[in-house]
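The next block holds one structure in the form of structure tokens; read it before the comments.
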Protein chains: 2
Amino acid sequence: MGSEVPRPCTMRVMLRARAIPQATVARLPLYLRALREAAGSATPTLSSEELAERAGVTAAQIRKDLSYLGSYGTRGIGYDIEYLTKQICRRLGLDEELRVAIVGAGNLGVALARYGGFSNRGFRVVAIFDSDPAKVGTTVADTKVSSTKDMSSLLSKRRVDIAVITTPAAAAQWVADVVVGAGVQSILNFAPTTVSVPEGVSIRHVDLGIELEILSFYRRRVDAAAAV
Amino acid sequence: MGSEVPRPCTMRVMLRARAIPQATVARLPLYLRALREAAGSATPTLSSEELAERAGVTAAQIRKDLSYLGSYGTRGIGYDIEYLTKQICRRLGLDEELRVAIVGAGNLGVALARYGGFSNRGFRVVAIFDSDPAKVGTTVADTKVSSTKDMSSLLSKRRVDIAVITTPAAAAQWVADVVVGAGVQSILNFAPTTVSVPEGVSIRHVDLGIELEILSFYRRRVDAAAAV
DNA sequence: GACTGTGAAAGGGTTCACAGCT
DNA sequence: AGCTGTGAACCCTTTCACAGTC
């Protein structure tokens with residue numbers, strides 16, 4: 001995954017609780033996913049070791065990470081699946097529905113709009129935009145595609161929390177500027193280019209080509225290992 | 001960024017050159033992208049500061065990272081765009097075409113197959129698989145969709161380097177097992193579940209829901225900042 | 001006995017600051 | 001003068017090991 005989020009100074013904002021390290025924040029959703037998978041299992045509790053196994057990290061890591069949230073486990077027993085799930089959700093701000101807009105109704109944009117993983121995780125796609133007049137007015141996954149000309153007004157009217165950019169690289173910075181101008185403070189960028197945003201706005205980058213290029217590097221190393 | 005790649009021990013394999021830190025490897029593709037964007041510019045060279053600006057990192061970081069590759073810059077001048085591009089490509093193993101298979105011809109799989117960013121970056125989609133008989137035989141982006149039953153044989157016959165998993169979560173582990181069994185050593189997993197692979201196989205995870213959940217956390221923090 | 005929570009130690013990664021080249 | 005390359009300092013993250021609790 002590509003990513004950059006908080007300036008160190010943004011973190012210092014947290015006054016009350018222990019600050020949660022970035023690295024931990026990035027893993028909490030992983031634990032959440034593992035907990036949901038485990039929700040149907042026989043026992044209502046889970047040890048750090050079992051959770052670690054499911055999430056693909058070490059048990060010590062789990063315990064350390066969860067300790068930043070508070071003491072939600074029981075010594076000698078483990079963690080209550082349902083309770084821990086609720087606590088992590090709360091800490092991630094997932095206890096209220098988050099409203100998502102997708103900008104760019106190309107293949108990827110449409111794929112994301114139809115992606116089932118959003119709705120059952122508390123996200124709702126409330127707007128889809130495209131600059132192509134032929135696409136404007138069509139319906140994708142129960143949502144009408146709007147013109148990018150109307151972005152500014154519609155973004156605030158529909159109270160969008162997160163904007164997902166799936167336009168070509170050339171349009172990405174412009175889209176980000178408009179979106180930020182409309183008050184959106186969180187952006188997920190799939191366009192293969194660097195996008196800059198003002199202080200206080202969070203942006204994460206996902207570049208499919210980059211993921212493949214990183215794999216390419218380690219492929220070579222593996223070959224070398226085989227050759228030794 | 002979702003991801004896990006090399007056990008620490010895998011790194012120790014490198015005998016000849018200075019080992020390149022993981023964090024640096026993950027940034028090299030970023031520099032590559034920035035260099036390509038700068039390729040059309042007036043000057044044939046670029047300072048670490050200019051490159052940093054384009055890639056969204058600090059100049060010191062650029063210099064440190066590039067120093068792991070060798071001394072490819074010129075003091076007082078900067079880096080030659082074309083030469084540096086070539087060197088990074090070589091180090092990432094991108095000087096030969098890499099052959100990609102996509103498993104799962106749903107919305108996301110099709111979007112990826114059609115994604116232009118692959119071909120112009122040296123990747124070639126040579127196979128697409130799906131378990132749905134209705135999809136098998138159809139053509140997506142000039143490639144015939146094959147049955148997942150034929151994966152094992154086709155993966156080796158077509159010399160696939162990297163497998164991309166875009167199936168539902170329930171099928172992901174099975175797909176990974178088959179793919180690894182066929183000799184593929186690099187996997188990019190989009191299924192929202194943890195997949196385990198044997199030592200020596202590289203896997204990276206991209207989970208769209210997780211990216212949104214991470215953004216959700218920092219959204220809260222930003223609100224807190226505004227409130228202070 | 002089993003398992004969590006956490007200080008302390010170890011390990012990586014980033015930033016600094018400047019020596020060294022052109 | 002301008003900019004790279006790099007040891008050293010700093011900071012963040014992970015791992016260890018064990019005290020604390022059920």
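Predicted, not measured: the structure shown is a model, and the values here were computed from it. Below, each value reflects all heavy atoms present in this structure, side chains not excepted, and no hydrogens, waters or symmetry copies. So you know, we letter chains A, B, ... as the sequences are listed, proteins then strands, and number each from 1.
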Can you give me every donor-acceptor pair (side chain of residues 50-65 of chain A, partner residue at least two apart or in another chain, under 3.5 Å) with its distance?
| from | atom 1 | to | atom 2 | distance (Å) |
| --- | --- | --- | --- | --- |
| A:Glu50 | OE1 | A:Ser47 | N | 2.9 |
| A:Glu50 | OE1 | A:Ser47 | OG | 3.3 |
| A:Thr58 | OG1 | A:Gln61 | N | 3.2 |
| A:Arg63 | NH1 | A:Ser48 | OG | 3.2 |
| A:Asp65 | OD1 | A:Thr24 | OG1 | 2.7 |
| A:Asp65 | OD1 | A:Arg27 | NH2 | 3.0 |
| A:Asp65 | OD2 | A:Arg27 | NE | 2.7 |
| A:Asp65 | OD2 | A:Arg27 | NH2 | 3.2 |
| A:Asp65 | OD2 | A:Tyr31 | OH | 2.5 |

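Contact between the side-chain N/O atoms of B:Tyr79 and the OP1/OP2 oxygens of D:dG2 is not found at any separation under 4.0 Å.
B:Leu98 and B:Gly93 get closest at one heavy-atom pair: CD1-O, 4.3 Å. The two residues B:Leu215 and A:Ser202 come nearest to each other via the heavy atoms CD2-CB, 3.9 Å.
Contacts with DNA chain C (heavy atom under 4.0 Å) in residues 43-54 of chain B: none are found.
Atom C1' of nucleotide D:dC22 and atom CD1 of A:Ile77 are separated by 7 Å, given to the nearest angstrom. Per the geometry, CD1 belonging to B:Ile62 stands 14 Å off C1' belonging to C:dT15, to the nearest Å. Nucleotide C:dC3 holds its C1' atom 15 Å from the CG atom of A:Asp80, rounded to whole Å. Whole-Å rounding puts the B:Ile20 CD1 to D:dG5 P distance at 14 Å. Taking atom CD of B:Gln22 as the reference point, atom C1' of C:dG12 lies 9 Å away to the nearest angstrom.
When the side-chain contact (heavy atoms from CB on, under 4.5 Å) test is applied to A:Ser119, no partner is found at least two apart in sequence or on another chain. The side-chain contact (heavy atoms from CB on, under 4.5 Å) search around A:Asp177 returns A:Gln173, not counting sequence neighbours. Applying the salt bridge (Lys or Arg N to Asp or Glu O under 4.0 Å) rule to B:Arg75 yields no partners; only residues at least two apart in sequence or on another chain are considered. Partners of B:Arg124 according to the salt bridge (Lys or Arg N to Asp or Glu O under 4.0 Å) rule, which considers only residues two or more places apart in sequence or in another chain, are B:Glu97.
Residue-to-nucleotide contacts include no donor-acceptor pair under 3.5 Å from the side chain of B:Arg75 to the base of C:dT22.
Of the residues near DNA chain C, A:Gly76 and A:Tyr72, the one whose nearest nucleotide (by heavy atom distance) lies more toward the 5' end is A:Gly76.
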So which protein nitrogen or oxygen atoms get under 3.5 Å of nucleotides 14-17 of chain D's nitrogens or oxygens?
| from | atom 1 | to | atom 2 | distance (Å) |
| --- | --- | --- | --- | --- |
| D:dT14 | OP1 | A:Arg27 | NH1 | 2.8 |
| D:dT14 | OP2 | A:Arg27 | NH1 | 3.1 |
| D:dT14 | OP2 | A:Arg27 | NH2 | 2.7 |
| D:dT14 | OP2 | A:Gln61 | NE2 | 3.3 |
| D:dT15 | OP2 | A:Thr58 | OG1 | 3.4 |

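For residues 35-45 of chain B, the salt bridge (charged side-chain N to carboxylate O under 4.0 Å, His left out) pairs, not counting sequence neighbours, are A:Glu213-B:Arg36. Applying the ring pair (Phe, Tyr, Trp, His ring centres under 6.0 Å) definition to pairs two or more places apart or across chains, those involving residues 76-102 of chain B are B:Tyr72-B:Tyr83.
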